[in-house]
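Heads up, the thing below is written out as structure tokens.
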Amino acid sequence: MKNYYQIIKIFFISFILINAFLSNVFAAGSDAKITKMNFSFDGIFGVIDKASARRGLQVYNEICAGCHSLEHVSYRNLIDIGFSNEQVKEFASQFEVMAEPDSDGEISMRPAIPSDRFVSPYQNDNQAKAMNNGAIPPDLSLIIKARAGGASYFYSLLKGYEEAPEDKELSNGYYNIAYPGNVIAMPQPLYGDDVEYLDGTEASMEQEIVDLISFLAWTAQPELNDRKSMGFRVFLFLVFMTTVLFISYRKIWKKIKS
Amino acid sequence: MSNIKNGKGVIGWIDYRLPIFSTLQHTLIDYPTPRNLNYWWNFGSLAGIFLMIQIITGIVLAMHYTPSVEGAFASIEHIMRDVNYGWLIRYIHMNGASFFFIVVYIHIFRGLYYGSYKSPREVLWWLGLIILLLMMATAFMGYVLPWGQMSFWGATVITNLFSAVPVVGTAVVEWLWGGFAVDNALLNRFFALHYLFPFLIVGVVILHIVALHTHGSNNPLGIDRKGPQDSIPFHPYYTIKDLFGLSFVLTIFAAVVFYAPDFLGHPDNYIPADPLKTPAHIVPEWYFLPFYAILRAVPDKLGGVIAMISAILILFALPWLDTSKVRSATFRPIYKKFFWFLFIDVIILTWVGGSPAEGHFILIGQLATIYYFAHFIIFMPIIGIIETPKPLPNSISESVLNKPIKDGT
């Protein structure tokens, strides 16, 4: 039995080691206060709440899309969170993209179609800089995966706008307790009465933030629901196979152990 | 199977002309193996399997990846979103690299504990170290390919190390870059080499196995086999044991791939590379952290590079630095303790490597680095001379059949 303990020990040690390493990385911005929150997509069986993600699209579209692009997501992807083909077509058609050059070489604008990517609020990076004091607002497609703390960090960030202490130098920024360094260039985006939800849900600060995070968790990990359900089946199969192989191993070795 | 030997049938006909089937028969079926191998001997075959997993998933990824600074990041997202099961293949490849290193590091520590580098297995040990060096180069170049922030800045930091070389340093760095900055030329050559190196690894693995089978596997007692009663055929005894171990490790692997696929990665690598914006902390992948700590422990750039390279090169001299004739640490009471001190020291180096180089981390990193080298240069030769090993058993079979083996820790 001693060998099993050794194996378990080594995995345990590696686990602690990895944890120690990651906590060091996460602890980097110690002036940032992050509240650990639970979301629908946490845990082994957690999935993206699609109704919430649809509301989140509305929040993104009406508030965030003014400054933030979503360049890795296509309109057709919205079918994944429960929109119909017709709804997606209609949603896409309100945006304009550049068409292919016509027979005279002229480029005109056409309404977007489902296979187009989400249209950026800017023509190019320089325009984005010019409109935002020299800094490009980050693309939101992957943002949940691209920041330490993930969804909890964004929850804390969107709720983290506070009156700055007297001695804090803000220059052109805003005071936020969750942002590393506490001075963020983005003004507070959500107040609670920013959208009128199409599905009749009553808007509140909490509701808007959670819905937006559901949506952005989906844009960052559109495979999340499939991944977890497949993972569970794969895991069960592997546990079963490991057991069968262990029994076979003991049986085959019985001959020479005695 | 008798067809192979008497040259009958299609298999026999081919084997008479090209002995691939009898070689496989010898390697995977008949190969006489010590009867007392413990679970730590599973990690060699596991490493081979993770190499295959990496090659297969990697070839599929290469079919969808675009090696250009404009297209690389977006093509990874294309794989994650549009390619059928692309997310699965990429997550397996990403985490497969980490697991490949985990099993190889365990494999190396097993070799250190049981003295598997000692005569007549010195060349076997060297080939293993060459595999490790090739793995490190491959993993480093692979991490650059997504062209995220850590990819870019990791490549910048590591390629800049070559500028420490006296006189020709700058020329070497510009030659590596193919220009005057980390840019498209570097990304393209890293992609080409990242595709090539795994096949070099396969070549060295084959040599590693040939060297292994020349004198056979070491074993937890570290004594040579005296006769047929000490060995059992590889199949079915070790095939089933390896399969069980594989299935066990794959279960853990699946848990990570499906439930925490980004746990071992860094969030910054989901931000596209930006040459104008340096991340707050540039950290390499976890498996490079001990070496990164050694690099940063030396205040001088050239000195740091030399120390980091020496940390692996010193392992090549291990068969001569270890003066003890006894292989297994089971019978070496002093060395056994120092083995675990080294293990803890490497964990400390990993921890320091992942922490910002400031405050007490600097001192801890320096002490741990000094200890690392002292272990090999000072302690190992001395322990071999002053230590009185416990009496060795007469034979493997006697030890297995008469009493339970005390090979552990």
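To find a chain, count down the sequence lines: A is the first, B the second, and so on, and within it residues start at 1.
- Within the 4.5 angstrom heavy-atom criterion, only side-chain atoms of B:Ile232, from C-beta onward, approach chain A.
- Although no hydrogens or angles enter the test, the distance criterion places a donor-acceptor pair under 3.5 Å between the side chain of B:Tyr259 and the main chain of A:Lys228.
- Atom CD1 of A:Ile144 and atom CG of B:Asp262 lie 12.5 Å apart (nearest 0.5 Å).
- Under the 4.5 Å side-chain criterion, counting only non-hydrogen atoms from C-beta, A:Asp226 is in contact with B:Trp87.
- For the atom pair CZ of A:Phe246 and CZ of B:Phe248, the computed distance is 10.5 Å after rounding to the nearest 0.5 Å.
- Taking 4.5 Å as the limit, every side-chain heavy atom of A:Arg147 sits out of range of all side-chain heavy atoms of B:Pro267.
- By the 6.0 Å contact criterion, NZ on B:Lys277 is open, its count of non-hydrogen atoms from other residues, nucleotides or ligands being 12 or less.
- Here the CZ atom belonging to A:Phe235 is positioned 8.5 Å from the CD1 atom belonging to B:Ile252, to the nearest 0.5 angstrom.
- Heavy-atom pairs under 4.5 Å with chain A were tallied for B:Pro272, B:Ala254, B:Ser247, B:Gly245; the largest tally goes to B:Ser247.
- B:Arg81 has its side chain out of reach of A:Asn77: every pair of non-hydrogen atoms, C-beta onward, lies at least 4.5 Å apart.
- Between A:Arg76 and B:Asp82, at least one side-chain N (NZ, or NE/NH1/NH2) sits under 4.0 Å from a carboxylate O, which counts as a salt bridge.
- Among B:Pro261, B:Gly86, B:Gly148, B:Ala260, the residue with the largest count of heavy-atom pairs under 4.5 Å with chain A is B:Pro261.
- Separating the CD atom in B:Glu77 from the CG atom in A:Asp139 is a distance of 9.5 Å, to the nearest 0.5 Å.
- Of all heavy-atom pairs spanning B:Leu250 and A:Leu238, the tightest one is O-CD1, 3.5 Å.
- Summarising the geometry of A:Gly231 relative to B:Phe258, their closest heavy-atom pair is CA-CG, 3.3 Å, with the distance given to 0.1 Å.
- Here the closest non-hydrogen pair linking A:Leu245 and B:Phe244 is CB-CA, 3.9 Å.
- For B:Tyr85, the part lying under 4.5 angstrom from a heavy atom of chain A is the side chain only.
- Neither the backbone nor the side chain of A:Phe237 has a heavy atom closer than 4.5 Å to any heavy atom of chain B.
- Rounded to the nearest 0.5 Å, atoms CG (A:Leu142) and CD1 (B:Ile76) are 11.0 Å apart.
- Looking at B:Leu88 and A:Met230, their side chains come closer than 4.5 Å, going by heavy atoms from C-beta outward.
- Only the side chain of B:Tyr91 comes within less than 4.5 Å of a heavy atom in chain A; its backbone stays farther off.
- Between B:Phe73 and A:His72, the gap from one ring centroid to the other is short of 6.0 Å.
- Separation of the A:Trp253 and B:Tyr238 ring centroids falls under the 6.0 Å cut-off.
- For the pair A:Arg227 and B:Val257, the minimum side-chain heavy-atom distance is 4.5 Å or more.
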